[in-house]
Amino acid sequence: MTPFRPALFDSLRGYQASDFRADLAAGVTVGVVALPLAMAFGIASGVSPAQGLVTAIIAGFIVALLGGSKVQIAGPAGAFVGLLYTLGERIGAGNLLLATMLAGVLLVLAGALRLGRIIRFVPVVIITGFTNSIAVIIALQQFRDFFGLPIEKMPADFFAQIHTLASHAQQADVAALLLGFFSLLILQWWPKSFRQYGSRWQEVAKQIPGTVIVLLLGIVLISCDLIQVPTIGSRFGGIPASLPYPTAPDVDWSKVREILVPAISIALLCGIESLLCARMADSLIRERHNADQELIAQGVANMLVPLFGGIAATGTIARTVTNVRSGARSPISAVVHSITLMLIVLVAAPLAANIPLAALAAVLLFVAYHMGDWQAFARLKAFSVPHRTLMIGSFALTVVFDLTIAVQVGVGLACLLFLHRMASLTNLQWLEPLRGERRETIALCQLSGPLFFGSVDRMEAVLDANEPRAQHIILDMQAVSYLDTSALEVLTQYKDVLATLGGGLAICGAPDNVASLIARSGLLKDLVGQTIYKNLGDAKSAFDAAWPH
């Protein structure tokens with residue numbers, strides 16, 4: 001079991017007033033940045049903006065206290081958008097919250113059992129593929145509000161979304177479209193446009209996120225009745241100026257059997273995303289996070305957040321990077337981030353009702369564009385066909401189906417390609433006979449590489465039991481790196497064939513791990529001399545002693 005030791009414990013040793021000032025400034029900054037993102041990701045996930053804010057506040061606070069990274073910020077993330085939206089449509093909102101709680105339990109167990117390293121077994125090429133696909137899913141879901149299309153509810157299926165958007169394309173709202181484009185321009189050029197006024201003004205502008213400028217502009221336009229477009233208030237009724245009390249999810253018991261696979265999907269995605277974010281943060285602060293402790297923290301957060309109506313949470317790259325670059329030194333900055341969000345909700349909730357949905361859609365389109373590694377597709381031509389297949393396959397499967405299928409198929413395909421590659425490293429080669437003629441000679445076969453179930457066909461093609469090369473065989477296994485029971489069975493069958501011919505099988509030079517399996521399997525007692533010889537000379541001498549001429 002992993003020892004319970006949050007990063008906060010180590011951070012507080014030698015903690016000084018200067019550290020608190022740095023964390024306070026960073027926490028306030030990232031809290032302001034998180035405000036529009038939390039609302040936008042909540043809406044994109046198929047719930048209300050208030051649920052997105054609750055998730056950011058509570059999950060950010062819990063992960064700060066219990067997490068294994070000093071600077072990670074947790075909350076609703078773009079990685080969950082497609083998955084949560086689809087699952088909400090399939091199993092219902094209450095069951096989705098229950099699945100999130102079960103995912104939290106799975107994450108706690110994974111962390112307690114020290115399974116944090118297993119997440120790293122997912123190939124980077126697959127992660128790149130589904131990260132890009134998530135960006136596409138996020139962008140696709142924003143077109144309704146960005147263009148002001150009169151669509152009551154977007155379907156979850158990819159092709160149904162395309163059809164729905166296309167069928168309403170002629171009903172685009174010019175005011176929403178202009179506001180969306182203008183918001184994108186602000187996001188792209190803020191604070192770059194301040195360069196002409198000198199570095200001082202540009203530094204001041206950097207302290208105010210462009211997302212906040214977009215929201216404030218939208219609020220002013222709506223409050224002054226300058227434009228008429230859908231807002232948070234018109235669709236969701238605004239945001240309550242208080243935090244909800246914990247309540248049990250409203251579960252549809254007729255579908256409760258369907259939550260296991262969604263829970264595994266949420267846990268898998270949360271684990272991958274949070275640990276990737278933590279590793280990225282490590283590279284920025286030159287420290288190493290505790291992966292197992294981070295999984296425990298994410299699990300506890302996802303167990304508790306649904307009780308307040310929140311959705312799945314994980315580590316968020318954009319907010320974590322903002323936290324680091326703002327000077328964060330400990331998890332206290334993440335605590336301040338949550339407190340900042342809570343104060344904004346308590347004080348400025350009435351203003352949130354006037355936030356235009358077109359402006360929030362522009363924010364998410366901007367986030368989607370920058371979260372994707374689009375150059376990865378251009379670099380595909382420099383890689384092998386398996387690499388291209390994995391990336392394009394994981395991308396397409398995530399967009400068309402969902403992340404669960406993409407990861408399952410992607411990891412499965414990666415394993416098959418890896419096995420094929422490992423099997424290609426297996427080599428068996430007959431060398432010159434030591435003496436005599438066919439079936440009277442001592443034939444020498446040199447083996448190298450891994451001998452496992454994936455290379456059994458290569459072994460059987462050379463060690464052909466139907467036509468042995470000679471009556472006496474020596475296997476030089478000095479270069480064998482691995483041996484499993486499937487390959488061991490081939491050697492056993494070959495030994496039996498040689499015994500029927502009145503000959504024998506000898507092995508020399510096997511490494512300790514290979515020799516250990518041979519001994520434990522019982523094959524050793526049936527080999528010539530009942531031992532594994534150190535070199536070829538000793539093995540040949542044993543044959544000479546056993547079959548003298």
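All residue numbers in this chain count up from 1 along the given sequence.
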Walk me through whether Leu165 and Met154 qualify under side-chain contact (heavy atoms from CB on, under 4.5 Å). CA-CA 9 Å; Leu165 291 172; Met154 286 287 290; 3.9 Å; yes
Is the Tyr245-Phe308 ring centre distance short of 6.0 angstrom? no
Run the side-chain contact (heavy atoms from CB on, under 4.5 Å) test on Val300 and Val108 for me, step by step, so that the C-alpha distance in whole Å, both residues' side-chain angles and the decisive distance to 0.1 Å come before the verdict. CA-CA 7 Å; Val300 173; Val108 170; 4.1 Å; yes
I'd like to know whether CZ of Arg235 has more than 12 heavy-atom contacts from other residues, nucleotides or ligands below 6.0 angstrom. yes
Are Lys70 and Asp282 within salt-bridge range, i.e. N to O under 4.0 Å? no
Near Phe182 CZ, under 6.0 Å, is it more than 12 heavy atoms from other residues, nucleotides or ligands? no
Verify whether the ring centers belonging to Phe181 and Phe146 lie closer than 6.0 Å. yes
Shortest non-hydrogen contact from Gln141 to Val81? OE1-CG1, 3.0 Å
Could you please spell out the steps behind the side-chain contact (heavy atoms from CB on, under 4.5 Å) verdict for Leu179 and Leu221? CA-CA 10 Å; Leu179 177 60; Leu221 292 176; 3.9 Å; yes
Ile266 and Phe80, any side-chain heavy atoms less than 4.5 Å apart: yes
Can you establish whether the number of heavy atoms outside Phe147 located under 6.0 Å from its atom CZ is more than 12? yes
Glu89 side chain to Thr86 side chain, donor-acceptor N/O pair below 3.5 angstrom: no
Going from NE2 on His337 to OG on Ser326, what distance comes out if it is rounded to the nearest 0.5 angstrom? 12.0 Å
Nearest-0.5 Å distance that lies between atom CD1 in Ile137 and atom OH in Tyr85: 12.0 Å
Compute whether any side-chain donor of one residue and acceptor of the other, for Thr100 and Asn302, lie under 3.5 angstrom apart. no
How close do Ser133 and Val399 get, counting heavy atoms only, and between which atoms? CB-CG2, 3.4 Å
Salt bridge Asp23-Arg329, side-chain N to carboxylate O under 4.0 Å: no
With a 4.5 Å cut-off on side-chain heavy atoms, are Val367 and Leu37 touching? yes
Of the non-hydrogen atoms in Pro240 and Val345, which two are nearest, and what is the gap between them? O-CG1, 3.6 Å
So do Val261 and Ser265 actually touch side chain to side chain, heavy atoms under 4.5 Å? yes
Test item: Leu217 and Ser183 side chains (from C-beta on) under 4.5 Å apart, heavy atoms: no
Nearest heavy-atom pair of Ala267 and Leu107: which atoms, and what distance? O-CD2, 3.4 Å
Ring center gap for His163 and Phe159 short of 6.0 angstrom: no
Let's go through Phe41 and Thr55 carefully: what are the C-alpha distance in whole Å and the side-chain angles of both, what is the deciding distance for side-chain contact (heavy atoms from CB on, under 4.5 Å) to 0.1 Å, and is it a yes or a no? CA-CA 10 Å; Phe41 285 137; Thr55 304; over 6 Å; no
Between the CD1 atom in Ile239 and the CG atom in Leu346, the distance rounded to the nearest 0.5 Å is 11.5 Å
So Leu66 and Leu8, do their side chains get closer than 4.5 Å, heavy atoms only? no
Closest non-hydrogen atom pair, Asp373 against Asn132: N-OD1, 2.6 Å
Ala135 versus Ala368, closest heavy-atom pair with distance: CB-O, 3.2 Å
